Enquirer: 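This structure is in structure tokens; I'll ask about it shortly.
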Amino acid sequence: MLTGIEEVDWASLGHAYGPADDVPELLRGLASADPAERETALDGMYGAVHHQGDVYDSTLACIPFLLELVADPGVQDRGCIVELLTSIGGIELDDDEELDEIGSEDEEFIPAANYAMAAAAIAAGADVFLGLVSDPDPEVRLTAPCALASLHPEPARVLTLLRERLTVERDTEVRLALVAAVGRIALRHASLRAETVDWLDWLARAAQDPGLRLAALVQRARCAPGDIPDDVVPWVKGLLEEIRTSAGRPAATGTERAASPTLIGQVRELLEEHAAGRPAPWTEELLRTLHAALDDRVDDRIALIVAQLRSPDWGQRSDAIWLCGGLIRVWRGRYEEVVRLVGAQLQDPEPRLREAATSFLERLFELGAPAADALASRLAAGPGAWGPGTTGLPRSGRDGALLALARAGDGRAVPLLARALEEPEVRRDLLYAVDGLGPSAAMLAPLLRRRLAGVELDEQLYDRAAPLLYALAAVRGAQALPEVLRVLRGAPANRRDWVREAALRTLAAFGPAAREAVPDMRRLLAADSSAVAAAAARALWAAEGDRGDVLPALERLLRPGASGADWRAAAQALGEIGPAAAAAAPALRPGLASRDLWVRVRSAAALWRVSGEASASLPVLLAAWEENRHARVEIAECLAEMGPAASEAQLLVLTELTRRRRHNAQEDGSGSHDIHVDEKLLTLCRAALARMERGAF
């Protein structure tokens, strides 16, 4: 075994952490009889030799030995090695542009040719995977179909083999892997697609096993998304019910292993925990693939999720919540029924379901209102409400439910927030949610003041004080002026400007009640930080109006050659001051022609707000709307203020309101406020359109 491994000059090769002289030990570890040693070796291969998907010269040198290990039936956990090979050789390189981009930002450039050489080397030895589809080890059979579909150079031969194997395979998950591999081949090879789609359509109707029919239907949708049957929703609902009623006991989680310190082991443990107690955990991935194929068919996707949320199977309901999280962050739609049904899961005895529901609701903000009663009910649950031996709602669950309720703007969150503020630690997000609770949140001011008084003036001041300052500004807690001044004056060197800016924004919210702080504000008008100087100007204006120093201080930040940060900060402050700053309009005009988009947007908005002049501002705002979608909320806010003066933007606003996709949606991730920001854009667009239309009559 591993013939010739000593003949390779591993020390001259490299991986993610330097010379690859440790690779022979990793390869031998993959063949060890000790499960812990095999897992450690596999972790090392992914962590160094194939780090984050990279292919080094040492990775290429490993390929013959990995293929040899896969071919040896005496080696255990070969399925993991098949997956490793599939990852190494499976990168798709379709054009020169992609080749040029690989590794271009890495400190150590990985030659793009390595990826192509890896694919070629594994393809040359890919016949080894042909025999693995009938291997006695189900884990090997589970991984072989994807390897064949991704790496074998004869797709027609592989397609025939996979379809034949399906007639004799009895393991459910392996059968699903066979169908998924068939779909993968059809996607990668257009010449085989039509016949494969026809076969998948036949299988989706003819197979006895409902799980197999669902898998075939999903792959058919994936391969031909433009030709998904109109009755896909009732079809899938029926299959899910068949699967639920025909499923036996929950699937076994595999061989018991000791807790592993490796990343690979931790991922495995998480997956096992996720699947535990579920008879058909594989439906989750099938439905995720189906949702991707349905794409913008939002109503169909909502109907599927609603059906799952009404299932007696808690696992189906849990899957629906996670699927809806991916749907709602990308697509606009009518989610009231979905949110109400997710809220109902908060009363379920299964903790994983409650955790999923809480996590989902936290991100909804105003869209979470249909679940407000359920959230309030959960927060009111007494000791023992969650089963024998429990003493009440766990802290993490309570904070999540309270955050969701507060972000939904429900006043029932206020007394609960007051109770939370009495505890030693408070989740930061709860403090940032205070601004949506309206006048009833004023009762929190004394508690916020007390907490701010107890914050140490040390290097962690910003992290501890900023959320409290934000909340005090939201509730206009001017009685906390001494505590805010203490923070402003005692800020340490670490992030001092951030602390000062946060404190000054709170003082601005206090308005004339912050007159005691005027000397501090006036002193900070000359701060080196433009953000601090602008915040000081805004706070000073709010406290006593202009005594001849506020507007000049802001205009100094608009000097020729000023940085973008200076200009943006000053323009923002002038816009907040409004018509009383009309004298600064000439200083703002050069910003309309800046190369910095955000300078142009802030200058145009401020110019309108101080002068009421739309003719110069509106063209800049409309151009920026098309140039950068992330500027649309600020622009829409200004358009709503302009009303009839912005009638030229009517078509642009109407177009935004008719889009189904959220303006800030990203396929590769999302932020906690993305849904809220997009909903704010829609609200502003409706307000702008209403004012424009009123002005037209």
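As the structure is a prediction and not an experimental result, all values here were calculated from the model.
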Enquirer: Within the supplied structure, the quantity of interest is the number of heavy atoms (other residues, nucleotides, ligands) at a distance under 6.0 Å from D528 CG; does it exceed 12?
Expert: no
Enquirer: A535 and E501: which non-hydrogen atoms are nearest, and at how many Å?
Expert: CB-CG, 4.2 Å
Enquirer: Do R662's NZ or CZ and the ring of W331 fall within the cation-pi criteria of under 6.0 Å and 45°?
Expert: no
Enquirer: Does any non-hydrogen side-chain atom of V653 lie less than 4.5 Å from one of M692?
Expert: yes
Enquirer: If you take all heavy atoms of T506 and Y470, which pair is closest and at what distance?
Expert: OG1-N, 4.3 Å
Enquirer: For a quick check under 3.5 Å, do S594 and W567 share a side-chain donor-acceptor pair by atom type?
Expert: no
Enquirer: Please indicate whether R595 has more than 12 foreign heavy atoms, meaning atoms of other residues, nucleotides or ligands, lying under 6.0 Å from its CZ.
Expert: no
Enquirer: Are there over 12 heavy-atom neighbours, none belonging to E425, within less than 6.0 Å of that residue's CD?
Expert: no
Enquirer: Under a 4.5 Å cut-off applied to non-hydrogen side-chain atoms, are R609 and C638 in contact?
Expert: yes
Enquirer: What heavy-atom pair brings E656 and C685 nearest, and what distance separates the two atoms?
Expert: CG-SG, 4.0 Å
Enquirer: For N494 and Y462, which I'm curious about, is there any donor-acceptor pair between the side chains at under 3.5 Å?
Expert: no
Enquirer: Can you confirm whether more than 12 heavy atoms, excluding those of E337, are under 6.0 Å from its CD atom?
Expert: yes
